[in-house]
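Inspection log for the structure reproduced underneath, given as structure tokens.
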Protein chains: 2
Amino acid sequence: MPGVDRRQTKTRKAVFKAFVELLEEKGYPSITIQDIIDRADIGRSTFYSHFETKEDLLNVLCESIFDHAFSSIQQKESTHDFTGREDLEGELTHILYHLRDSKGYLKGIFASESGDVFMRYFKNNLRDVFEKDAGLSPKGIPEDYAVEHSVCWFAETARWWMDGDRVERYSPEEVVKFFWHYMRGAERALSDSF
Amino acid sequence: MPGVDRRQTKTRKAVFKAFVELLEEKGYPSITIQDIIDRADIGRSTFYSHFETKEDLLNVLCESIFDHAFSSIQQKESTHDFTGREDLEGELTHILYHLRDSKGYLKGIFASESGDVFMRYFKNNLRDVFEKDAGLSPKGIPEDYAVEHSVCWFAETARWWMDGDRVERYSPEEVVKFFWHYMRGAERALSDSF
DNA sequence: TAAATAATGAACACTTTGTTCAGTAACTTA
DNA sequence: TAAGTTACTGAACAAAGTGTTCATTATTTA
């Protein structure tokens with residue numbers, strides 16, 4: 001009845017667990033596949049039947065995190081052709097909730113050196129979210145620059161939030177408010193001065 | 001008369017050249033020391049008498065780039081104990097000039113995947129520049145969040161600028177203006193609304 | 001020219017990689 | 001429950017990279 005063999009799920013889980021632990025302990029670059037299969041306690045050939053390389057594993061991990069966080073947004077995109085300001089605010093809050101939920105899983109990684117790879121993935125997803133919004137970039141400011149500002153600054157905001165105990169101190173709504181005030185302020189000032 | 005042996009300078013130059021080329025071609029993670037010594041055409045033991053690891057080499061490269069760009073700022077810091085708005089604007093412009101000058105050397109790297117390592121270094125340096133400015137973070141916004149906004153957004157602005165042919169299309173002054181309008185606008189809006 | 005310093009290159013044990021394959025265990029379905 | 005399929009095991013493999021050592025050669029400086 002179940003679509004996937006229990007054995008596969010078990011190995012994949014073991015690999016992910018080992019990988020995330022190792023990411024925290026020594027950082028992505030110094031992790032070897034040897035480390036992973038030792039920690040996950042699986043055969044060498046088993047690893048290679050699931051993943052091609054260490055990078056492949058990382059990509060799959062990123063997908064499972066971010067595709068989840070962005071899933072409801074993609075659904076919305078198909079029904080509406082323009083996303084209003086309130087919608088966007090809700091979407092961003094939604095993303096932060098997802099990140100917080102997976103925080104136990106990702107504890108410390110986002111902010112660590114390994115975080116760069118996550119950030120790259122994160123930003124690529126965010127670019128789709130903010131690009132729909134691009135039309136309103138102020139005169140005199142290149143459009144791609146404006147998009148990059150939204151994307152980078154939201155990603156960095158999330159990273160800032162995930163570091164230390166900030167995730168416990170500030171709610172997703174608060175964080176979006178921080179972010180949003182910077183955005184709104186910038187837009188206002190720019191449309192004034194150009 | 002010269003302080004450093006010509007042979008040393010020659011090897012270091014060859015290593016840096018090879019390294020930068022390889023950074024462009026295959027990206028930092030997949031570069032091996034073997035690649036470097038093959039490309040630089042030096043003996044294995046020679047490499048290890050200059051650098052400890054691949055990472056060490058990267059750090060030395062970063063230092064040579066950014067310490068140069070930030071050098072004149074550090075001098076200023078010792079003479080003034082508070083840096084005015086105009087000073088800061090000048091400093092940022094100065095940094096961009098330096099980055100542009102080393103662009104032939106760094107063509108394509110800063111903005112590429114390998115750029116993450118540079119960005120980390122860059123941001124650490126920038127944090128010192130913007131932290132002096134932290135006092136004026138608006139009420140309701142955490143101070144470290146405000147600093148992070150300046151730091152990240154200037155670093156990402158520089159990265160954006162260094163990508164493609166933008167460095168030829170926009171002058172350092174223009175880019176600082178882009179950046180500055182975003183900053184100024186945000187500050188204005190925030191002090192209004194809190 | 002002599003002494004000091006740097007680069008060479010070959011050898012070293014060691015780790016990691018990615019692949020193969022026969023054998024074993026766990027699941028599925030008829 | 002028996003038969004067939006699918007997944008994991010574990011050992012072995014060549015290939016490539018790492019970091020170190022050392023006697024030899026080349027270059028520089030005084």
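Below, read A as the first sequence line, B as the second, and so on, with proteins coming before strands; counting in each chain starts at 1. Hydrogens, waters and symmetry mates play no part in the numbers below; they use all other heavy atoms, side chains included.
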Short side-chain N/O contact from [X] to OP1 or OP2 of [N], under 4.0 Å:
X	N	result
B:S45	C:dT8	no
A:Q34	C:dT16	no
A:Y48	C:dT19	no
A:H50	D:dC8	yes
B:R6	D:dT28	yes

I need the [atom1]-[atom2] distance between [X] and [N], as an integer number of Å.
X	N	atom1	atom2	answer
A:F47	D:dT9	CZ	C1'	16 Å
B:D56	D:dT18	CG	P	14 Å
B:E52	D:dT18	CD	P	15 Å
A:K54	C:dG18	NZ	C1'	15 Å
A:K10	C:dA25	NZ	P	13 Å
B:R7	D:dT28	CZ	C1'	5 Å
A:I36	C:dG18	CD1	C1'	14 Å
B:D35	D:dT18	CG	C1'	13 Å

(message) Within 45 degrees of the ring normal and closer than 6.0 Å to the centroid, is that where the cationic atom of A:K177 sits relative to A:Y170?
(response) no
What is the ring orientation for [X] with [Y], classed by angle as parallel under 30°, tilted 30 to 60°, or perpendicular over 60°?
X	Y	answer
B:Y28	B:F19	perpendicular
B:F178	B:W160	perpendicular
B:H98	B:H94	perpendicular
B:F154	B:F122	tilted
B:F130	B:F179	tilted

Given [options], the nucleotide with the shortest approach to the side chain of [X]:
X	options	result
A:T46	C:dT16, D:dT9, D:dT18	D:dT9
A:I33	C:dT8, D:dC8, C:dG18	C:dG18
A:D5	D:dT18, C:dC27, D:dC8	C:dC27

(message) Is a donor from one side chain sitting under 3.5 angstrom from an acceptor on the other, for B:D35 and B:T32?
(response) yes
(message) I'd like to know if A:D116 and A:R159 make a salt bridge, using a cut-off of under 4.0 Å between side-chain N and carboxylate O.
(response) yes
(message) Please determine whether a side-chain nitrogen of the Lys or Arg among B:R127 and B:D144 lies less than 4.0 Å from a carboxylate oxygen of the Asp or Glu.
(response) no
(message) Pairs counted only when both distances fall under 3.5 Å, Watson-Crick or G-U: show me the 5' to 3' dot-bracket for DNA chain D, [ ] for pseudoknotted crossings and | for other-strand partners.
(response) ||||||||||||.|||||.|||||||||||
(message) Would B:W161 and B:Y97 count as a ring pair (Phe, Tyr, Trp, His ring centres under 6.0 Å) here? Give the steps.
(response) CA-CA 12 Å; B:W161 185 50; B:Y97 269 107; 8.2 Å; no
(message) Ignoring hydrogens and geometry beyond distance, is the side chain of B:R44 in donor-acceptor contact with the base of D:dG19 at under 3.5 Å?
(response) yes
If you restrict it to nitrogen or oxygen atoms, what contacts under 3.5 Å exist between nucleotides 13-16 of chain D and the protein, and what is each distance?
none

